[in-house]
Amino acid sequence: MARRSPLPINVNPLAMFAPADGRLYTEEDYDRAFAQQPFDGPDVPFDYLVPSRTTTLRPPKLVYGWRLGHEILMDIARQHFPRTIMICMGPALLGLVDEETYHFSPESLIEEHENFAATLYSPSFPAAVSKYLGIPLPQDYIVVQNLSDSKGDPALGLVVGTNYIGAIEDEQIEKLQHLITPFAPDERPQWYLDCNYWQWCRVAPARGATKAAARKKVAPATQQPLVTS
């Protein structure tokens, strides 16, 4: 669902993920925005999608990672990070699917199972991935969250960075790709529009204006900016 902005955004409507009129989002803008993604990395494709403190205009949040689905992520956890597996009373998918529309067998409600949600949403799983990559804790890069394809269909993914904080190093991405490939041979990390923070917005002016430090390369210098302060 699109969340209407309380004030006009005033962004160039030609910018990626901008509302059609450049001012206010409508319900139709949601599908149009998600149809523009995902796109390949590792670089953020446009300079204006890297947030800057020199303007009150903030771009949507983009996340960089693999859209794998809960089954593949659980297989990775079982094989490489078995200590993160959580055993809980109730169905394996309890907490991951809509309980009002998904049918659970009576037997599954009184039996113990490996629980997908408890495992993948636990801090233990991203912490184990971070340790595997040699990333010191605490860290904000490794996250399990829903990633939507160009049709807006969500599936769980493994995120390793954003356009706001940058991403893990190329060597770490390759190491993680080597781990993922046996389970998902055709999957590569891409930039996805965050399901919750997919809109441009305006914020209060910041003091000490400096460019946000996103590690990934931005647009070529010959490219004309589409957004201004």
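The basis for the numbers below is simple: all heavy atoms, side chains too, and nothing from hydrogens, waters or symmetry mates.
Taking D40 as the reference, Q190 meet the side-chain hydrogen bond (donor to acceptor under 3.5 Å, both in side chains) condition, with sequence neighbours excluded. Residues passing the salt bridge (charged side-chain N to carboxylate O under 4.0 Å, His left out) test with D31, sequence neighbours excluded: none. Applying the side-chain hydrogen bond (donor to acceptor under 3.5 Å, both in side chains) test to S122 and every residue at least two apart in sequence or in another chain returns S124. When the side chain to side chain contact (heavy atoms under 4.5 Å, CB included) test is applied to F17, the partners found at least two apart in sequence or on another chain are A33, Q36, Q37, F39, L49, P60, L62, L193, W200. For the side chain to side chain contact (heavy atoms under 4.5 Å, CB included) test, residues two or more places apart in sequence or in another chain that qualify with Q177 are W66, T181, R188, P189.
Using a 4.5 Å heavy-atom threshold, the side chains of L73 and F116 count as separate. Using a 4.5 Å heavy-atom cutoff, the side chains of Y141 and V160 are not in contact. For the pair K151 and F34, the minimum side-chain heavy-atom distance is 4.5 Å or more. The side-chain heavy atoms of Y64 and P42, taken from C-beta on, include a pair separated by under 4.5 Å.
In this structure, CD on E187 lies 6.0 Å from CG on L68, to the nearest 0.5 angstrom. We find the NE2-NZ distance between H178 and K175 to be 10.0 Å, quoted to the nearest 0.5 Å. Atoms CG and CG, from L96 and L156 in turn, are 5.5 Å apart once rounded to the nearest 0.5 Å.
Not a single donor-acceptor pair under 3.5 Å links the side chain of D43 to the backbone N or O of P45. A donor-acceptor pair under 3.5 Å links the side-chain atoms of D149 to the main chain of D153, judged by distance alone.
A cation-pi arrangement is not found for K61 relative to Y164, the charged atom failing to lie both closer than 6.0 Å to the ring centre and inside a 45° cone about the ring normal.
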Anything under 3.5 Å between a donor and an acceptor, one on a side chain of residues 77-93, the other on a protein residue two or more places apart or in another chain? List them.
unit_1, atom_1, unit_2, atom_2, d
R78, NE, E114, OE1, 2.7
R78, NH1, D75, OD1, 2.7
R78, NH2, E114, OE1, 3.2
T84, OG1, F81, O, 2.7

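If you chain together hydrophobic residues whose side chains sit under 4.5 Å apart, V159 and F125 never meet in one group.
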